[in-house]
Amino acid sequence: MVLGRLAAAITNPKTGWKTTHFWGPIANWGLVVAAVSDAFNQGPEVISVPMTSALCVYSALFMRFAWLVQPRNYLLFACHFFNEGAQLTQLMRGLKYEQEQQAKIPLNDTPTSSTGTAGKVAFLSAIGQGLQAQVLKLPLPDVARTFVSHPAGPFTIHFWAPTWKWMLSITNLLDYNRPVEKVSTMQQTALCATGFIWSRYSMVIIPVNYNLFAVNISLAVTGTYHLGRKVYSEFNKTKKD
């Protein structure tokens with residue numbers, strides 16, 4: 001019975017293995033695999049705390065997104081459920097490592113937290129419909145009214161999940177000069193693959209999500225940049241040897 005339903009879901013012509021409804025979540029499973037692999041095979045020095053923090057909030061928001069998007073995507077929901085656990089584990093390792101390093105060399109910089117922002121985003125998306133109705137009663141310009149009432153507008157998870165995903169691209173940009181040996185190859189490969197595949201997926205879901213399309217193009221570019229740095233470094237190292 002269970003295997004039959006699984007086979008039917010995988011071969012479904014509208015959402016099965018021949019579509020991005022299947023391969024989009026599969027690409028995201030790469031983030032889970034990367035986190036687990038790095039946890040077992042890499043030291044905590046490769047963990048980017050800003051990126052991992054962003055990934056934690058990203059998965060929390062995309063669990064909600066996966067449940068509300070049409071067609072509903074259980075594979076995507078499961079992916080982000082497991083990724084949340086994997087990234088939280090890595091985040092704890094990374095924070096512990098940073099604390100150990102700070103104990104050796106006192107730093108003046110105060111670390112920032114995304115917890116408050118994440119809480120506000122989650123709260124806004126949860127009460128979005130009520131707020132949207134109230135805002136639409138105001139005398140808004142036509143452009144603003146269209147934006148507010150859009151199915152992927154600012155009072156929906158379809159807006160906030162992709163908007164938070166921009167943090168992944170921004171973090172990659174801020175890490176543009178991160179020491180190559182501290183760049184996680186598996187994580188960047190997963191982010192790169194996610195960017196390319198999800199740029200297509202964002203165009204075939206309901207509602208069509210241009211914000212999601214744009215952020216994934218950006219993520220694909222920044223991921224490719226870091227992978228290129230890694231490959232170039234490995235090539236030079238081999239050449240010297």
Side-chain angles (χ1 to χ4, degrees), residues 23-67 73-105 107 109-123 125 157 160-175 178-195 197-198 215-216 219 222-223 226-227 230:
W23 290 108
I26 288 296
N28 273 15
W29 275 100
L31 296 173
V32 184
V33 173
V36 173
S37 176
D38 285 348
F40 282 99
N41 301 314
Q42 300 288 341
E45 69 277 358
V46 304
I47 299 171
S48 170
V49 170
M51 174 62 80
T52 307
S53 300
L55 282 167
C56 287
V57 181
Y58 160 73
S59 279
L61 291 173
F62 267 91
M63 278 190 277
R64 176 70 173 163
F65 177 92
W67 193 258
N73 201 314
Y74 297 102
L75 183 59
L76 181 62
F77 180 88
C79 164
H80 284 292
F81 178 82
F82 283 102
N83 191 52
E84 188 69 37
Q87 298 300 335
L88 283 171
T89 301
Q90 285 293 84
L91 181 60
M92 286 188 288
R93 291 180 69 217
L95 288 172
K96 182 179 179 181
Y97 174 77
E98 285 198 350
Q99 288 173 354
E100 291 172 351
Q101 298 306 304
Q102 288 173 2
K104 298 175 184 177
I105 306 174
L107 297 177
D109 294 335
T110 303
T112 58
S113 172
S114 60
T115 306
T117 302
K120 292 173 184 176
V121 168
F123 179 73
S125 64
I157 194 66
W160 287 107
T163 297
W164 186 265
K165 196 171 186 177
W166 279 103
M167 291 298 295
L168 305 185
S169 288
I170 292 170
T171 302
N172 256 357
L173 286 172
L174 293 176
D175 280 346
R178 183 177 176 84
V180 178
E181 64 275 8
K182 291 186 177 182
V183 173
S184 170
T185 304
M186 291 197 68
Q187 183 185 72
Q188 291 300 329
T189 300
L191 289 171
C192 191
T194 294
I197 295 174
W198 273 66
V215 69
N216 279 291
L219 192 59
T222 57
H226 282 291
L227 282 178
K230 194 78 173 180

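Keep in mind that what you see is a predicted model, and the values were worked out from it rather than measured.
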Measuring from atom [atom1] of [X] to atom [atom2] of [Y], what distance do you get when rounded to the nearest 0.5 angstrom?
X    : Y    : atom1 : atom2 : result
M92  : I47  : CE    : CD1   : 10.5 Å
H80  : L75  : NE2   : CG    : 10.0 Å
T194 : L31  : OG1   : CG    : 4.5 Å
Q102 : E100 : CD    : CD    : 10.5 Å
Q90  : Q87  : CD    : CD    : 7.0 Å

Sorted by chain and residue number, the ring-ring contact (aromatic ring centres under 6.0 Å, His included) partners of W23 (sequence neighbours excluded) come out as none

With Y74, which residues qualify under ring-ring contact (aromatic ring centres under 6.0 Å, His included), at least two apart? W67

Which atoms form the tightest heavy-atom contact between [X] and [Y], and what is the distance?
X    : Y    : result
A54  : M167 : CB-CB, 4.0 Å
S53  : L91  : OG-CD1, 3.4 Å
A190 : G30  : CB-C, 3.4 Å
S48  : T171 : OG-CG2, 4.3 Å
H226 : N172 : NE2-O, 2.8 Å
E84  : S59  : OE1-CB, 3.3 Å

Quick one: list whatever passes side chain to side chain contact (heavy atoms under 4.5 Å, CB included) with [X], sequence neighbours left out.
X    : value
T163 : F159, W160, N211
L174 : I170
A78  : W29

Give the intermediate values and the outcome of side-chain contact (heavy atoms from CB on, under 4.5 Å) for residues M51 and L191. CA-CA 11 Å; M51 174 62 80; L191 289 171; 3.9 Å; yes

Would you call the rings of F65 and W198 parallel, tilted or perpendicular, where under 30° means parallel and over 60° means perpendicular? tilted

Take the angle between the ring planes of F77 and F81 and call it parallel below 30°, perpendicular above 60°, tilted in between. parallel

List the steps and the verdict of side-chain contact (heavy atoms from CB on, under 4.5 Å) for F62 and N73. CA-CA 10 Å; F62 267 91; N73 201 314; over 6 Å; no

For the side chain of T222 and the backbone of L219, is there at least one donor-acceptor N/O pair under 3.5 Å apart? yes

Verify, without hydrogens or angle tests, whether N83 (side chain) and C79 (backbone) share a donor-acceptor contact under 3.5 angstrom. no

Is the count of non-hydrogen atoms from other residues, nucleotides or ligands lying under 6.0 Å from Y97 atom OH greater than 12? yes

Extract all donor-acceptor atom pairs below 3.5 Å that involve side chains of residues 180-187 and protein atoms in other chains or at least two apart in sequence.
{"residue": "S184", "atom": "OG", "partner": "D38", "partner atom": "OD2", "Å": "2.5"}
{"residue": "S184", "atom": "OG", "partner": "Q187", "partner atom": "N", "Å": "3.2"}

L61/R64 under side-chain contact (heavy atoms from CB on, under 4.5 Å): CA gap, chis, key distance, verdict: CA-CA 5 Å; L61 291 173; R64 176 70 173 163; 5.9 Å; no

